[in-house]
Amino acid sequence: MNKRSLSAFVILVCVFVLLPTAGMCQSKNFAGVWNKFNAEEKKSYITGVATGVRIVCADAAMGKDHKMTSDTAHRFQQCFSAYFAVPAHELVQTMDDLYKTQSNAGIPFDDIFRIATLKASGKNVDKILKEAREKGK
């Protein structure tokens, strides 16, 4: 694993594991923690996710050559767009809206982020939301 991939992995671990669990040692109330974040903290969370995704997508698109071509740029854009199909402020708003529903309180940040991305993109998330609620119990 090269240094860039290792760095991306560390960032993703921090964003998806350490940050979400920092305030939840005593409960599984992810909504409560999210709702305590101010606007800048929520923006920072999304920025951290975007940074990790950008690094991973760039490595995946360029492969061993680490050379950007029109083909690798296209692959990068496809990868990145799968996570960020809408602007960051829409993801924050959608996460806020999802966490307003009490039955979603136990859904971890990484799952609610994925669901918010799909929902903000206009996809039906009812089935995924139901599965995430069961997993979060």
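For clarity, every value in this text was computed on a predicted model and none was experimentally measured.
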**Study point:** Minimum heavy-atom distance Ala88-Ile46, with the two atoms named
**Key:** CB-CG2, 3.6 Å
Check your understanding: Heavy atoms, side chains only, cut-off 4.5 Å: are Met68 and Met62 in contact?
Key -> yes
Practice item. May I ask you to decide if Thr69's main-chain N or O and Thr72's side chain share a donor-acceptor pair within less than 3.5 Å? Key: yes
Practice item. Mark yes or no for whether Glu134, through its side chain, and Glu131, through its backbone, hold a donor-acceptor pair below 3.5 Å. Key: no
Review point. Atom CD1 of Ile112 and atom CZ of Arg114: how far apart are they, to the nearest 0.5 Å?
Key: 9.5 Å
Check your understanding: Counting only heavy atoms not in Tyr83, do more than 12 fall under 6.0 Å of its OH?
Key -> no
Check your understanding: Less than 4.5 Å apart, any side-chain heavy atom of Phe76 and any of Arg54?
Key -> yes
Point to revise | Beyond-backbone contact of Lys119 with Asn124, side-chain heavy atoms, under 4.5 angstrom | key: no
Point to revise | Rounded distance [0.5 Å steps], CD1 in Ile55 versus CZ in Phe80 | key: 11.0 Å
Check your understanding: Residues in side-chain contact (heavy atoms from CB on, under 4.5 Å) with Gln93, at least two apart?
Key -> Asp96, Asp97
**Study point:** Short N-O contact, Asp71 and Arg75, less than 4.0 angstrom
**Key:** yes
Exercise for review: Measure the spacing between CG of Leu129 and CD1 of Ile115 and express it to the nearest 0.5 Å.
Suggested key: 5.0 Å
**Study point:** Residue pair Lys36 / Glu41: nearest heavy atoms and the distance that separates them
**Key:** O-OE1, 4.1 Å
Check your understanding: Are any side-chain N or O atoms of Asp111 and backbone N or O atoms of Ala132, one a donor and one an acceptor, separated by less than 3.5 Å?
Key -> no
Check your understanding: Can you tell me how far the NZ atom of Lys42 sits from the CH2 atom of Trp34, to the nearest 0.5 Å?
Key -> 6.0 Å
**Study point:** Nearest-0.5 Å distance that lies between atom CZ in Phe109 and atom OH in Tyr45
**Key:** 7.0 Å
Exercise for review: With rounding to the nearest 0.5 Å, note down the distance linking CG in Asn104 to CE in Met95.
Suggested key: 11.5 Å
Point to revise | From CA spacing to verdict: side-chain contact (heavy atoms from CB on, under 4.5 Å), Phe113, Val49 | key: CA-CA 9 Å; Phe113 174 84; Val49 173; 3.7 Å; yes
Practice item. Would you check if the side chain of Tyr99 reaches a backbone N or O of Ile107 as a donor-acceptor pair within less than 3.5 Å? Key: yes
Point to revise | Phe84 vs Leu91, side-chain contact (heavy atoms from CB on, under 4.5 Å): CA-CA, chis, key distance, verdict | key: CA-CA 8 Å; Phe84 288 90; Leu91 290 171; 3.6 Å; yes
Exercise for review: Take Arg133 and Thr101 through the test side-chain contact (heavy atoms from CB on, under 4.5 Å) and record every step on the way to the result.
Suggested key: CA-CA 11 Å; Arg133 288 175 184 146; Thr101 302; 4.2 Å; yes
